[in-house]
Amino acid sequence: MNLTHSATGAVPAAGTGHHEPMTLPFSGLLRSPALAPLRRPAYRGLWTAWLMANLTMWIHEVSAAWLMTQLSTSAVMVSLVQTAATLPIFVLGVASGALADIVDRRRYFAFTQLWVCLTALVLAALQLSGRLSAELLLVLTFANGIGLALRWPVFSAIVPDVVARDELPAALALGSISMNLSRIVGPVVAGALLASTAPGLVFALNAVLAAVALVLILRWRSRQRSSALPGERFLGAVRVGVQHVLHSPHLRAVILRVFMFFLQSSALLALLPLVALQLGGTGAGMYTSMMACMGAGAIAAALQFPRWRERHGRDAFTRRGTVLHALASLAVVLMPTPWVVLPATVLAGAAWMAVANTLAVAAQLTLPDWVRARGMSIYQMALMGGTAAGAWLWGQVAEVAGVAVAVSVASLLGVLLLALTWRLSVEGGDEDRRDPGQARPEPDVRIAVKPEDGPVMVLVEYRIDPQREAAFLDVMQATRRARLSQGVLSWGLFRDTAQPGRFVEHFVDENWAAHQRWLERYTAADEELRAQRLAFHVDPAPPRIQRYVGATLPHEALLFPAPAPHGPSRPGPV
């Protein structure tokens, strides 16, 4: 799993108590718990690749926006650069997560960087040859956005594979640090190059950075996900991913929280250039300083997370971070002097990092590995949706009432939404019970069944004390959520009209391969839920389980039904 060569020292291998040798000439710099994941060669190389990938994103955005002003005088065309860059995230969000879950993640991540590299080379060639038009720039910006939309879910899914569980918050914070570093360095590099050379050479640099990221990713040896079953089909994987989120209450709470926070916080970021202009001069220097302060605040906060998390839970981080961001935003627009604005943007950056990282960790730990990329892609869509909706909404308010009013209303709305959803918790979840449970016994199969045969219907019979029916139904409600979150097509619970206390659980899988994948996904949480169901079962024998596979009728029988048999029919139960 090495991306870089190691030298001396040892760290625990991810998810184990063992140690693996490693050489770090700069190991003294990595003793902070916040930097612990960087001691792992696999994560260190992955983080470097992610930094390169983020630099290409920011360099492209700045370069494309500037180049569009040279190709067109239309404000609409200039604004469409941002639309073309972000639209792929909404179009391909869940699809990219499904692909990252059903294909080899290393190759898929490498493909996204190859795509970005080739797009940058085409842009460079067209610009340097004088053949790049405004319309072509939009198309290629959209193509570049496809690569960015595809890569984010797979990176989110890979990180838990290369670090231990207790290092995951720090690893995700380092990923955010990478984003903030690139947000500062990328525009500075792009601006300096655009001032002294042709935009095509800047796109060529982007291609080089993407190629470096591609090489680093190819050197990484991913953990193989072993299974004798055929892979999931794309459309089925998309359905299961959406279904898992819909039937996971804790994950829904996290997604709602991230949407509400970014709806609020987008006001300050979207209107920051106008705030800078109001401080006097051209505003360019002040805007750069404010962005740098915001990034510095985010990085400083990320380095303190391990110590802060010893004293505060996720709900405290989320609530206090939301309030702090609102207060900092109010200070920026209500006291517009550099002595107030710059420290306030530092606090806003720290608060933003605290909330965003906490919610990302909550989502990561709630998701099982088999659906992690799909779940994180939906999380990303909620984040980007809140940002996009907020930027549009607060821009409209600012147009009518001014920047100060727009940011103030956004801040107050964020606090109000927090108060209205105070009981919505992002603590806990099932992350401590996502480990694999005891292997389930193989189904009793005495006929020839192919992986694609289906649908598969499963019946489970319970006999309970009728006096405990209400408590049993509560457990079965949790069972319903668990079954549906694992991808079954339908679920039902039936009572026997002739035998009080006899219940039959019924659920349907798409085909035999999907049913076997359902058996593979058995976790400690499922085991605990099964024990709760069995506690109600009063029959000495375990619940009876029956499996049925859909039978295919001959085509002739469907087109030309056989005549009814002669003779009297005999009444009887069906």
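Values reported hereafter were calculated over all heavy atoms of this structure, with side chains retained and with hydrogens, waters and symmetry mates removed.
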Can a donor-acceptor pair be found, under 3.5 Å and without considering hydrogens, that links the side chain of [X] to the backbone of [Y]?
X: N144; Y: L140; result: no
X: Y43; Y: A171; result: yes
X: Y379; Y: A360; result: yes
X: H250; Y: E427; result: yes
X: Q113; Y: L214; result: no
X: D315; Y: S425; result: no
X: R319; Y: L418; result: no
X: W115; Y: I146; result: no

Practice item. Mind checking ring-ring contact (aromatic ring centres under 6.0 Å, His included) for F203 and listing every partner two or more places apart, or none if nothing turns up? Key: H60
Study note, to complete from the structure: Taken in chain and number order and not counting sequence neighbours, the residues that satisfy ring-ring contact (aromatic ring centres under 6.0 Å, His included) with F317 are F305
Review point. From R44 CZ over to T48 OG1, what is the distance, rounded to the nearest 0.5 angstrom?
Key: 8.0 Å
Using distance only, find each side-chain donor-acceptor pair of residues 260-272 under 3.5 Å and give its atom names and separation, not counting sequence neighbours.
| residue | atom | partner | partner atom | Å |
| --- | --- | --- | --- | --- |
| Q264 | NE2 | T322 | O | 3.4 |
| S265 | OG | F261 | O | 3.1 |
| S266 | OG | F262 | O | 3.1 |
| S266 | OG | L263 | O | 3.2 |
| S266 | OG | A391 | N | 3.4 |

Point to revise | salt bridge (Lys or Arg N to Asp or Glu O under 4.0 Å) pairs, two or more places apart, involving residues 371-397 | key: D101-R374, E232-R374, D369-R372
Review point. Does atom CZ of R423 have more than 12 heavy-atom neighbours from other groups under 6.0 Å away?
Key: no
Point to revise | Check against side-chain hydrogen bond (donor to acceptor under 3.5 Å, both in side chains), R257 and T421 | key: CA-CA 9 Å; R257 276 270 178 248; T421 59; 2.8 Å; yes
Flag side-chain contact, heavy atom, 4.5 Å: [X] against [Y]:
X: P336; Y: V275; answer: no
X: V407; Y: V403; answer: yes
X: F259; Y: L383; answer: no

Side-chain donor-acceptor pairs under 3.5 Å in residues 339-351, sequence neighbours left out?
| residue | atom | partner | partner atom | Å |
| --- | --- | --- | --- | --- |
| T345 | OG1 | V341 | O | 3.2 |
| T345 | OG1 | L342 | O | 2.7 |

Revision key, fill the gap. Residues at least two apart in sequence or cross-chain that pass side chain to side chain contact (heavy atoms under 4.5 Å, CB included) with L201, listed by chain then number, are L128, T197
Study note, to complete from the structure: Scanning both residues in full, the closest heavy-atom pair of V254 with A362 reads CG2-CB, 3.8 Å
